[in-house]
Colleague: 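Dropping the structure in here first, questions after.
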Amino acid sequence: MNTEKITTRSFEETENAGFALAKSLGLNSTVLLFGNLGAGKTVFSRGFARGLGITEPVSSPTYTIVQEYDIPTGGRLYHLDLYRISGVESALAFGVDEFIDDDNAIRLIEWPMRIDGILPDNCIKVTISHIDDETRTIEIEK
């Protein structure tokens, strides 16, 4: 497994890290986002969506569980926030497997440990650590 470590010192740099990762991926990719509340997952996600060419506003799907976006070049981005999901059983009841099984999509999943048993193989793991108000460390494992 290849690990890249990036230190960002602004929201813009954190967005740029997401942008760059998205540019390197194709459809049927799954990115798992790890980080505490306030670590910068939504900022990273906004940059990730921009890297796919998505121009509409990107917000955290904490209350809706999933936000869906059309990728201009084809396919969909599913941005899932599983913070409010208690485990695999409740995730399956919600229909999370439909998003995970869609080969014509890219999945960006926050709080993925809630569904560890049903995640696809070969996921990319992104861990964002909050250092101070502006500084983040981002580790990307491919």
Side-chain angles (χ1 to χ4, degrees), residues 1-100 102 104-142:
M1 197 168 273
N2 181 24
T3 301
E4 178 183 3
K5 191 171 183 177
I6 303 165
T7 299
T8 64
R9 292 179 174 77
S10 67
F11 290 129
E12 183 179 47
E13 287 182 7
T14 299
E15 279 188 12
N16 288 343
F19 185 96
L21 178 60
K23 286 294 220 188
S24 73
L25 301 178
L27 292 177
N28 201 23
S29 296
T30 302
V31 177
L32 310 178
L33 278 179
F34 296 90
N36 294 331
L37 290 171
K41 295 183 299 293
T42 300
V43 173
F44 183 90
S45 299
R46 189 168 40 241
F48 189 90
R50 298 290 174 265
L52 297 174
I54 297 165
T55 58
E56 62 190 277
V58 174
S59 60
S60 177
T62 301
Y63 297 101
T64 58
I65 311 293
V66 65
Q67 297 279 10
E68 300 179 39
Y69 305 93
D70 288 323
I71 300 171
T73 57
R76 298 190 57 82
L77 169 64
Y78 298 126
H79 181 192
L80 294 97
D81 185 331
L82 305 177
Y83 182 74
R84 298 188 179 285
I85 296 288
S86 60
V88 171
E89 206 169 284
S90 63
L92 290 173
F94 179 78
V96 165
D97 53 324
E98 293 176 30
F99 303 109
I100 291 173
D102 186 347
N104 197 37
I106 295 176
R107 295 156 293 277
L108 187 60
I109 305 174
E110 298 184 37
W111 302 95
M113 64 289 280
R114 306 266 201 256
I115 60 165
D116 195 35
I118 61 170
L119 289 169
D121 294 332
N122 301 320
C123 294
I124 296 162
K125 296 177 184 172
V126 176
T127 303
I128 303 174
S129 301
H130 175 241
I131 307 303
D132 61 35
D133 286 346
E134 295 182 8
T135 309
R136 305 290 186 269
T137 299
I138 302 170
E139 289 187 40
I140 302 171
E141 294 179 48
K142 293 183 181 178

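Just so it is clear, the structure is predicted and the values come from calculations on it, not from any experiment.
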Colleague: Heavy atoms only: give me the nearest T7-E13 pair and the separation to one decimal.
Modeller: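 So the minimum-distance heavy-atom pair works out to O-OE1, 4.1 Å.
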Colleague: Kindly write out the residues that satisfy ring pair (Phe, Tyr, Trp, His ring centres under 6.0 Å) with F11, not counting sequence neighbours, or none if the list is empty.
Modeller: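 Not a single residue meets the ring pair (Phe, Tyr, Trp, His ring centres under 6.0 Å) criterion with F11.
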Colleague: Could you report the tightest heavy-atom contact between I6 and A17, atom names first, then the distance?
Modeller: CD1-CB, 4.3 Å
Colleague: Once rounded to the nearest 0.5 Å, what's the spacing between atom CD1 of I109 and atom OG of S45?
Modeller: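 These two atoms lie 11.5 Å from each other.
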Colleague: The criterion is side-chain hydrogen bond (donor to acceptor under 3.5 Å, both in side chains); which residues satisfy it with R84, sequence neighbours excluded?
Modeller: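 Partners of R84 under the side-chain hydrogen bond (donor to acceptor under 3.5 Å, both in side chains) test: Y63.
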Colleague: With sequence neighbours left out, write down each residue that passes side chain to side chain contact (heavy atoms under 4.5 Å, CB included) with K125, or none if nothing qualifies.
Modeller: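 Per chain and number, K125 pairs via side chain to side chain contact (heavy atoms under 4.5 Å, CB included) with L32, F34, E141.
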Colleague: Answer whether the closest heavy-atom distance between the side chains of K142 and L21 falls below 4.5 Å.
Modeller: yes
Colleague: Taking all heavy atoms of P72 and all of G53, pick out the closest pair and write down the distance.
Modeller: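 Taking P72 first and G53 second, the nearest heavy atoms are CG-O, 3.2 Å.
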Colleague: With sequence neighbours left out, write down each residue that passes salt bridge (charged side-chain N to carboxylate O under 4.0 Å, His left out) with E68, or none if nothing qualifies.
Modeller: R76
Colleague: Could you tell me the separation between the CG atom of L37 and the OH atom of Y83, rounded to the nearest 0.5 Å?
Modeller: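 Nearest 0.5 Å value for the CG-OH distance: 5.0 Å.
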Colleague: Return the CG to CD1 distance between L80 and I115, rounded to the nearest 0.5 Å.
Modeller: 7.0 Å
Colleague: Kindly state each residue pair satisfying side chain to side chain donor-acceptor pair (under 3.5 Å) with at least one member in residues 86-95, sequence neighbours excluded.
Modeller: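 Counting only pairs at least two positions apart or across chains, the side chain to side chain donor-acceptor pair (under 3.5 Å) contacts touching residues 86-95 are S86-S90.
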Colleague: Locate the shortest heavy-atom distance separating L33 from F44; write the atom from each residue and the value.
Modeller: CD2-CD2, 3.7 Å
Colleague: Could you note down all residue pairs passing side chain to side chain donor-acceptor pair (under 3.5 Å) where residues 105-116 supplies at least one of them, sequence neighbours left out?
Modeller: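 Non-adjacent pairs meeting side chain to side chain donor-acceptor pair (under 3.5 Å): N28-R107, T30-R107, H79-E110.
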Colleague: Any side chain to side chain donor-acceptor pair (under 3.5 Å) pairs touching residues 127-137, not counting sequence neighbours?
Modeller: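 For residues 127-137, and leaving out neighbouring residues, the side chain to side chain donor-acceptor pair (under 3.5 Å) pairs sorted by first residue read D132-T135.
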Colleague: Once salt bridge (Lys or Arg N to Asp or Glu O under 4.0 Å) is applied, what residue pairs with a partner in residues 50-60 remain, sequence neighbours excluded?
Modeller: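 Those involving residues 50-60 do not exist here.
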Colleague: Just jot down the side chain to side chain contact (heavy atoms under 4.5 Å, CB included) partners of L92, sequence neighbours excluded, or say none.
Modeller: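 Checked L92 against side chain to side chain contact (heavy atoms under 4.5 Å, CB included); matches are V88, D97, I118.
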Colleague: Between T3 and E139, is there a side-chain heavy-atom distance shorter than 4.5 Å?
Modeller: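 The answer is yes, as the side chains (C-beta and beyond) meet within the 4.5 Å cut-off.
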Colleague: For Y78, enumerate each residue passing the ring pair (Phe, Tyr, Trp, His ring centres under 6.0 Å) test, keeping only those at least two apart in sequence or located in another chain.
Modeller: F99
Colleague: Measure the CD1-CD1 distance between I54 and I71 for me, rounded to the nearest 0.5 Å.
Modeller: 5.5 Å
Colleague: Please report the interatomic distance OG(S24) to CD1(I124), rounded to the nearest 0.5 Å.
Modeller: 6.0 Å
Colleague: Can you see which heavy atom on I128 is nearest to which on G40, and at what distance?
Modeller: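 Distance-wise, the nearest heavy atoms are CD1-O, 3.8 Å.
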Colleague: Nearest 0.5 Å, what's the CG-CZ distance between L25 and F48?
Modeller: 5.0 Å
Colleague: Name all residues meeting the salt bridge (charged side-chain N to carboxylate O under 4.0 Å, His left out) criterion together with E15; count only those two or more places apart in sequence or in a different chain, and write none if there are none.
Modeller: R46
Colleague: Which residues satisfy the side chain to side chain contact (heavy atoms under 4.5 Å, CB included) test with N104, sequence neighbours excluded?
Modeller: L27, D102
